[in-house]
Amino acid sequence: MENNNVQEINYNGQRYAIEDLTPRAIEAFNTLFKAQQKLSELTMEVKIVQGGHNHINAELQKILDEDKIKPKVEIETPKK
């Protein structure tokens, strides 16, 4: 059976042995990893919502065009 335990970690271009890490360093790495996972999840959610937003925006423009709804034209009057 293979030993799949992580022996070292790469951070900011430097390699650190897991056995050398203090409890607070381990906690900080774990927090950083969880933050990165959450950021990845949120990035995916933003992409999904953006896609929906773009679709709704296109549908709205189509409705305005099909229903021949024109934008209101503002006429500026000179100030005295």
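A quick note: this is a predicted structure, and the numbers were derived from the prediction, not measured.
Nearest heavy atoms, I18 versus E8: CG1-N, 3.7 Å.
Considering CG of N12 and CD of Q14, their distance stands at 8.0 Å, rounded to 0.5 Å.
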Report all side-chain donor-acceptor pairs from residues 35-60 shorter than 3.5 Å, counting only partners two or more places apart or in another chain.
residue, atom, partner, partner atom, Å
S40, OG, Q36, O, 3.1
T43, OG1, L39, O, 2.8
N54, ND2, Q50, O, 3.4

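No side-chain heavy atom of L21 sits less than 4.5 Å from a side-chain heavy atom of E19.
A search for side chain to side chain contact (heavy atoms under 4.5 Å, CB included) contacts involving F33 returns I9, F29, N30, not counting sequence neighbours.
No path of Ile, Leu, Val, Met, Phe, Trp and Tyr side chains, each step under 4.5 Å between heavy atoms, connects L64 with V73, placing them in separate hydrophobic clusters.
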With side chain to side chain contact (heavy atoms under 4.5 Å, CB included) as the criterion, how do Y16 and N10 come out once you've worked through the C-alpha distance, each side chain's angles and the decisive distance to 0.1 Å? CA-CA 6 Å; Y16 298 91; N10 187 320; over 6 Å; no
Would Q7 and N5 count as a side chain to side chain contact (heavy atoms under 4.5 Å, CB included) if you check the C-alpha gap in whole Å, the side-chain angles of each, and the deciding distance to 0.1 Å? CA-CA 6 Å; Q7 300 297 317; N5 291 338; 3.7 Å; yes
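Using a 3.5 Å distance cut-off with no hydrogens or angles, the side chains of D65 and Q61 do pair a donor with an acceptor.
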